[in-house]
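All of these numbers come straight from a predicted model, not from anything done at the bench. Below, chains carry the letters A, B, ... as their sequence lines are ordered, and counting in each starts from 1.
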Amino acid sequence: MALLSIQNMTKRFGGLVALNALNINVKEKSIHSIIGPNGAGKTTFFNCLTGFYRPEEGEVLLNGKSIVGLSPDRIVHKGIARTYQNIRLFPNLTALENVMVGYHVHLKSSFLGPILGLKSTKMEEAKAKQIAMDLLKYVKMDGKEETLAKNFPYGEQRRLEMARALASQPKLLLLDEPTAGMNPRETQDMMDFIEHMRGEIGITIVLIEHQMRVVMNISDIVTVFDYGKMIAEGLPEEIKNNKTVIEAYLGSGDAADSH
Amino acid sequence: MTKTQSLWNHGVKIGAIGGVSVLTISLIGMVQMFGKRFIVADFLPMGVAIALILTILTAYLAAKKTSIPDKSIQLANSVISGLMTAGVLSMLVIIGRSIKLRTVFVEASPQLYNILTGGIQGAGGIIFLLGVGLLCGVFAGILILLNDLWRKLIVNALATVFVLGLLQELIMPILKAWDLGVTNYIAELFYAMNGLTPMGAILAMIIFSIIYLSWYANREKIKKGYGDLPKETQKKTKYLGLLILAIILIVLPQVLGLFLSEVLTIVGLYVLLGLGLNIVVGYAGLLDLGYVAFFAIGSYVVALLTSPQIFDFGLNFWQALPIAVICGVLAGVILGIPVLKMRGDYLAIATLGFGEIIRILVLSDFLKPWLGGAQGIGSIPNPNFFGFHMVKPQHIYYLLLAGCILVVFISLRLKNSRLGRAWMAMREDEDVAQAMGINLVATKLLAFATGAGFSALSGAIFASKIGSVYPHSFNVFISINVVAIVIIGGMGSLPGVVIGAAVLMGLPELLREFAEYRMFVYGVALVVMMLLRPEGLLPEQRHKMALHDEPETEAKTAA
Ligand SMILES: Nc1ncnc2c1ncn2[C@@H]1O[C@H](COP(=O)(O)OP(=O)(O)O)[C@@H](O)[C@H]1O
Ligand SMILES: [Mg+2]
């Protein structure tokens with residue numbers, strides 16, 4: 001069964017149909033790439049999945065249960081985490097604090113626990129810290145726990161954002177153009193990292209990309225958007241040679257990216 | 001940019017800004033008002049000192065902004081700027097002595113002209129004024145040309161003199177209070193009745209220089225020496241520091257006397273308010289301009305419950321205190337609910353309205369039978385501590401000290417917790433915070449409630465200290481004072497709040513002439529802070545977590 005099942009999802013902004021009757025199934029432990037020209041509706045798709053926007057029509061099922069209409073914070077509890085196309089860290093918090101905020105959903109203490117110094121609070125804080133440290137190490141940022149997020153170079157900010165998303169221990173990780181603004185070498189490193197992550201953590205990943213070439217090697221399945229519609233879906237090999245897809249990219253002037 | 005352009009753009013223009021600044025503080029009467037308060041007795045009045053500082057500062061900026069890396073141009077710019085400032089003031093003196101400006105500018109008096117010209121009439125006075133401007137320019141130019149160490153040394157030595165002179169009324173009584181031969185001697189050596197003695201000023205500079213230079217020469221050694229000490233010793237030094245601080249805080253009102261203790265209690269009330277607002281604004285990033293509402297609620301609850309005037313519930317202060325705090329917390333939640341969806345400016349305006357609504361409600365005739373209307377509520381008994389009546393400001397001080405310690409403790413504990421991180425995440429990016437699983441409603445309401453509780457605590461103590469409450473005590477300026485304290489002190493920083501309260505509330509009490517210019521100076525201070533030091537006077541230290549978990553890492557290495 002699919003981990004995530006999107007049925008007939010439509011999202012409109014005024015007269016603009018940003019997502020048009022989408023039907024997509026994401027298999028457990030797969031890397032499922034969403035590609036398409038700029039403005040195709042890829043980010044909007046993520047925003048609808050994470051509760052930031054509410055789709056006008058359609059259903060989103062996670063493990064068979066509907067999550068449509070839940071608020072973003074509830075959806076994280078259900079096991080979906082994301083990163084942003086334009087990195088959105090908490091700039092004036094340290095790397096460690098950023099990741100610990102990611103672990104928020106697994107902590108229970110509220111007001112009195114920390115004030116009274118309850119043992120349970122201390123223990124869960126210690127555990128949260130340990131998990132955050134481990135994750136920072138996992139994204140090769142150990143030793144930089146106390147640096148403010150805004151002071152990291154671009155590449156590290158991307159990795160920190162990923163560590164923060166992983167901290168919520170999601171079943172499904174949504175990555176929005178994790179290679180935006182990277183050179184070919186960094187892009188390749190990122191793709192290798194994502195592939196490793198899927199293997200090691202055993203997580204399901206939906207990966208948005210704007211360049212087709214980048215995701216071909218690591219994707220199990222590729223879905224192509226254009227003007228809010230799904231115009232093709234299939235194995236990378238099939239997509240590469242799909243006429244409609246090539247036309248869509250040619251039409252948008254992104255042809256250079258598709259080869 | 002050519003040299004002439006630079007001289008025009010930097011020297012003349014920035015100098016003109018300096019001129020207008022000094023002109024402003026002269027025409028609004030600051031120079032004259034502070035003319036009776038001396039930094040150095042009978043020699044340098046504070047008003048003149050401020051004018052000189054402004055002149056030197058702009059001349060320094062003129063040189064600093066010079067884009068041509070040429071020392072002589074820099075020097076020329078600072079001299080031109082100094083002369084320009086003096087020039088603007090000369091115009092004032094020349095015009096003012098021939099036409100009567102007082103019909104428009106009340107403060108443009110012959111006394112002002114005498115201050116500006118060193119008391120010399122005619123052309124001689126103008127020459128004197130321009131000469132002073134020239135000297136300021138040269139001095140600023142020299143500062144630019146000096147290296148970092150000497151510049152810092154000179155500036156800080158002068159600042160020391162300024163602060164020592166300013167705080168004469170604070171320091172002198174403390175020294176005299178011991179009534180020992182040595183302290184009396186020191187007091188008389190440094191201070192005349194109205195400021196530092198010239199001898200004292202020079203001595204202060206010399207002593208400061210010696211300390212500064214010896215620290216500078218050994219700074220690497222000191223830092224390294226401290227870092228090399230075993231962790232245990234470092235910890236002990238830290239505790240020793242805290243112990244000394246505690247002793248100072250406990251002894252303080254005993255040596256300060258009645259008036260200064262009164263000032264301290266005002267500072268204390270605002271520290272409590274500031275710590276509360278620090279949670280709302282500093283941690284959670286919710287700009288609340290109606291914060292006085294909770295202060296008022298705390299005060300009125302204590303007044304109603306303890307004063308025999310309206311209801312005569314007959315409770316004592318200690319019974320009323322927790323009820324006041326709980327009412328504050330509830331009010332925080334209730335006023336928080338309608339503004340949950342608002343952000344930034346909208347939130348600020350809405351909360352500003354709430355603050356006024358509470359005051360006007362209390363003032364209203366409709367509620368007069370229950371709240372006393374404009375006459376307020378009087379006869380609030382002083383707190384009673386195991387049969388001991390806390391009447392003097394010194395006693396209230398200890399009450400406030402205990403309150404502050406409690407609130408600091410709670411703030412620190414919360415900050416490094418799940419809730420504190422949620423607050424800060426919300427401050428940084430509300431949408432992303434929610435996308436991390438943070439429940440915005442609960443987190444916001446907890447911030448409002450906590451801040452309101454602290455504010456109500458402050459209000460409760462205020463009511464029992466003053467003995468009577470009136471609606472007009474709770475105007476919007478209290479909210480503005482507290483916001484200014486938090487911003488100028490450093491958002492999110494606890495020591496910043498204390499320093500901010502001491503500077504913004506304590507200093508004006510010491511310099512009574514200042515009261516009239518309070519809002520003016522706050523405005524200027526806020527603008528200058530935003531431009532030069534947006535993080536505040538004592539910004540938040542973001543390395544607390546590293547210090548917090550030392551025991552754990554030690555345990556790990558041991559294992
Ligand atoms: N909040 C919004 N309001 C109005 N239009 C929007 C909004 N968000 C996205 N859109 C529009 O929806 C379309 C899809 O945008 P987006 O999902 O960001 O594309 P992609 O991520 O594929 O580049 C674009 O035409 C964009 O202008
Ligand atoms: Mg996008």
- Query: chain B contacts: which residues in residues 66-80 of chain A have a non-hydrogen atom closer than 4.5 Å to it?
  - Reply: A:S71, A:P72, A:D73, A:V76, A:H77
- Using heavy atoms and a sub-4.5 Å threshold, report which of residues 428-437 of chain B line up against chain A, by residue number. B:E428, B:D429, B:D431, B:V432, B:A433, B:Q434, B:A435, B:M436, B:G437
- Tabulate, in ascending numerical order, the residues of residues 441-453 of chain B having at least one heavy atom closer than 4.5 Å to a heavy atom of chain A, or enter 'none'. B:L446, B:T450
- Query: Under a 4.5 Å heavy-atom cut-off, does chain B meet the side chain of A:T50, its backbone, both or neither?
  - Reply: neither
- Report, as yes or no, whether the 6.0 Å neighbourhood of atom OH on B:Y346 holds more than 12 heavy atoms from other residues, nucleotides or ligands. no
- Item | Within-4.5 Å side-chain heavy-atom neighbours: A:L93 and B:R427 | yes
- Message: Measuring from atom CD of A:E125 to atom CZ of B:R418, what distance do you get when rounded to the nearest 0.5 angstrom?
- Response: 9.5 Å
- Walk me through it: do A:L107 and B:R421 pass the test side-chain contact (heavy atoms from CB on, under 4.5 Å)? CA-CA 12 Å; A:L107 295 173; B:R421 283 192 303 272; 3.4 Å; yes
- Message: According to ring-ring contact (aromatic ring centres under 6.0 Å, His included), does anything in residues 95-122 of chain A pair up with another residue at least two apart or in another chain? List the pairs.
- Response: A:Y103-A:H106
- Taking every non-hydrogen atom, the tightest pair across A:V101 and B:A425: CG1-CB, 4.0 Å
- Message: Using a 6.0 Å cut-off, check whether atom OH of B:Y239 has over 12 heavy atoms from anything other than its own residue.
- Response: no
- Report the option among A:L89, A:I115, A:L116, A:V105 that has the most heavy-atom pairs separated by less than 4.5 Å from atoms of chain B. A:I115
- Note on the structure: Cut-off 4.5 Å, heavy atoms of chain B, and the answer for A:S168 is neither
- Item | B:M530, CE: over 12 other non-hydrogen atoms inside 6.0 angstrom | yes
- Message: Atom CZ of residue position A:R54 - does it have more than 12 heavy atoms of other residues, nucleotides or ligands inside 6.0 Å?
- Response: no
